[in-house]
Amino acid sequence: TQSTLNMEVTKEHIKKLLNTPGPVTDLLAVAEKKTGLDRMILLGLSITFLTFWLCLGYGAQLICGVIGFLYPAFESVKALHNADTNIEKRWLTYWVVFAFFHVLEFFSDHLVWWLPLYWLAKTIFLVWCMAPINQNGSAVVYKLVIRPLYVKYHGDIDTVMDKAVNKAGGLFEKATEKAREVANNQKSEFIN
């Protein structure tokens with residue numbers, strides 16, 4: 001049937017990914033040698049363990065944060081060194097979506113703690129955002145949410161940011177003047 005065929009194609013795609021050079025496959029190679037288990041089984045066990053931990057375990061927020069940060073950070077640094085603009089754009093889009101989601105989460109912090117399986121859902125969302133596919137979560141959220149908001153409000157945001165920068169510059173100049181005054185007064189008192 002069609003679903004069996006799709007499952008086999010997906011399984012082959014996962015096997016191919018598990019043998020693509022990178023930090024995850026290096027870790028799986030070491031685990032494969034030490035345990036004697038196939039990479040697919042190790043991946044399944046790891047996903048099962050992480051799923052239970054994110055549902056029930058202490059430190060689910062930390063695990064979610066590590067998953068959402070470490071691999072994308074590593075890939076972003078790698079992309080900067082390879083100078084491939086498509087990969088750089090992919091990871092920059094991830095970080096824009098990550099930051100957008102983080103700000104939303106900050107304001108709804110008290111609500112999300114009450115949601116069952118929140119850390120599991122967030123981890124799945126972040127994995128979808130970093131997935132090496134064309135329509136990953138980052139691309140979809142950017143295209144459907146962030147870009148339309150940016151297009152609609154970027155003029156207002158630029159105006160507010162310019163005012164804030166000018167005000168901060170003025171405050172910095174006043175602080176510098178005051179520091180010079182205090183330093184000169186201290187210098188005068190020290191000499192006298």
Side-chain angles (χ1 to χ4, degrees), residues 3 6-32 34-35 37-80 82 86-150:
S3 62
N6 287 341
M7 210 47 164
E8 287 301 316
V9 169
T10 302
K11 189 175 177 181
E12 289 305 315
H13 184 68
I14 291 171
K15 280 185 180 181
K16 182 180 173 190
L17 283 174
L18 291 178
N19 289 301
T20 304
V24 175
T25 53
D26 294 345
L27 184 64
L28 283 171
V30 170
E32 195 173 36
K34 290 192 181 233
T35 63
L37 295 173
D38 182 61
R39 288 177 189 213
M40 288 292 283
I41 292 172
L42 288 170
L43 179 67
L45 290 171
S46 298
I47 289 171
T48 302
F49 176 74
L50 282 173
T51 300
F52 278 113
W53 194 352
L54 287 165
C55 292
L56 309 170
Y58 180 75
Q61 182 178 6
L62 175 66
I63 295 300
C64 178
V66 167
I67 290 170
F69 179 78
L70 280 183
Y71 178 72
F74 174 76
E75 288 296 322
S76 297
V77 170
K78 214 166 78 174
L80 290 172
N82 292 339
N86 289 331
I87 296 174
E88 287 175 1
K89 183 179 177 182
R90 174 180 166 225
W91 288 111
L92 181 59
T93 305
Y94 173 83
W95 290 114
V96 167
V97 171
F98 183 87
F100 181 79
F101 188 79
H102 189 71
V103 169
L104 288 179
E105 186 181 45
F106 175 80
F107 289 109
S108 63
D109 192 32
H110 297 294
L111 298 174
V112 299
W113 290 98
W114 294 97
L115 295 174
L117 308 176
Y118 173 74
W119 298 112
L120 176 63
K122 181 180 175 184
T123 303
I124 291 168
F125 172 73
L126 291 174
V127 168
W128 177 49
C129 284
M130 68 179 86
I133 56 176
N134 287 334
Q135 291 300 312
N136 66 16
S138 297
V140 171
V141 171
Y142 180 78
K143 181 180 173 185
L144 296 178
V145 179
I146 296 172
R147 189 171 191 290
L149 288 172
Y150 172 77

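Quick note: numbers below take in every heavy atom, side chains included, and nothing from hydrogens, waters or symmetry partners. Given the structure is predicted, the values throughout are model-derived calculations rather than measurements.
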**OP:** Supply the atom-to-atom distance I47 CD1 to L42 CG, rounded to the nearest 0.5 angstrom.
**Re:** 11.0 Å

Subject >> Straight-line distance of M40 CE to L45 CG, nearest 0.5 Å >> reply: 11.5 Å

**OP:** Just jot down the side-chain hydrogen bond (donor to acceptor under 3.5 Å, both in side chains) partners of E105, sequence neighbours excluded, or say none.
**Re:** Y118, K122

**OP:** To the nearest 0.5 Å, tell me how far L80 CG sits from I87 CD1.
**Re:** 11.0 Å

Original post:
Are more than 12 heavy atoms from other residues, nucleotides or ligands located less than 6.0 Å from atom CG of D26?
Top reply: yes

Original post:
Between C64 and L54, what is the shortest heavy-atom contact and its length?
Top reply: N-CD2, 4.1 Å

Original post:
Roughly how far, to the nearest 0.5 Å, is the CD atom of Q135 from the CH2 atom of W128?
Top reply: 9.0 Å

Subject >> 4.5 Å side-chain heavy-atom contact, L37 and E32 >> reply: no

Original post:
Nearest 0.5 Å, what's the CZ-CZ distance between F69 and F98?
Top reply: 7.5 Å

Original post:
Does a side-chain heavy-atom distance below 4.5 Å link I67 with L126?
Top reply: no

Original post:
Partners of F49 by ring pair (Phe, Tyr, Trp, His ring centres under 6.0 Å), sequence neighbours excluded?
Top reply: W53

**OP:** Please tell me if the side chains of L50 and I63 come closer than 4.5 Å, counting only heavy atoms from C-beta onward.
**Re:** yes

Subject >> Sequence neighbours excluded, every pair satisfying side chain to side chain donor-acceptor pair (under 3.5 Å) that has a member inside residues 87-102 >> reply: S76-W95

Original post:
Does any N or O in the side chain of N136 come within less than 3.5 Å of the main-chain N or O of C129, such that one atom is a donor and the other an acceptor?
Top reply: yes

**OP:** Please tell me if the side chains of V141 and F101 come closer than 4.5 Å, counting only heavy atoms from C-beta onward.
**Re:** no

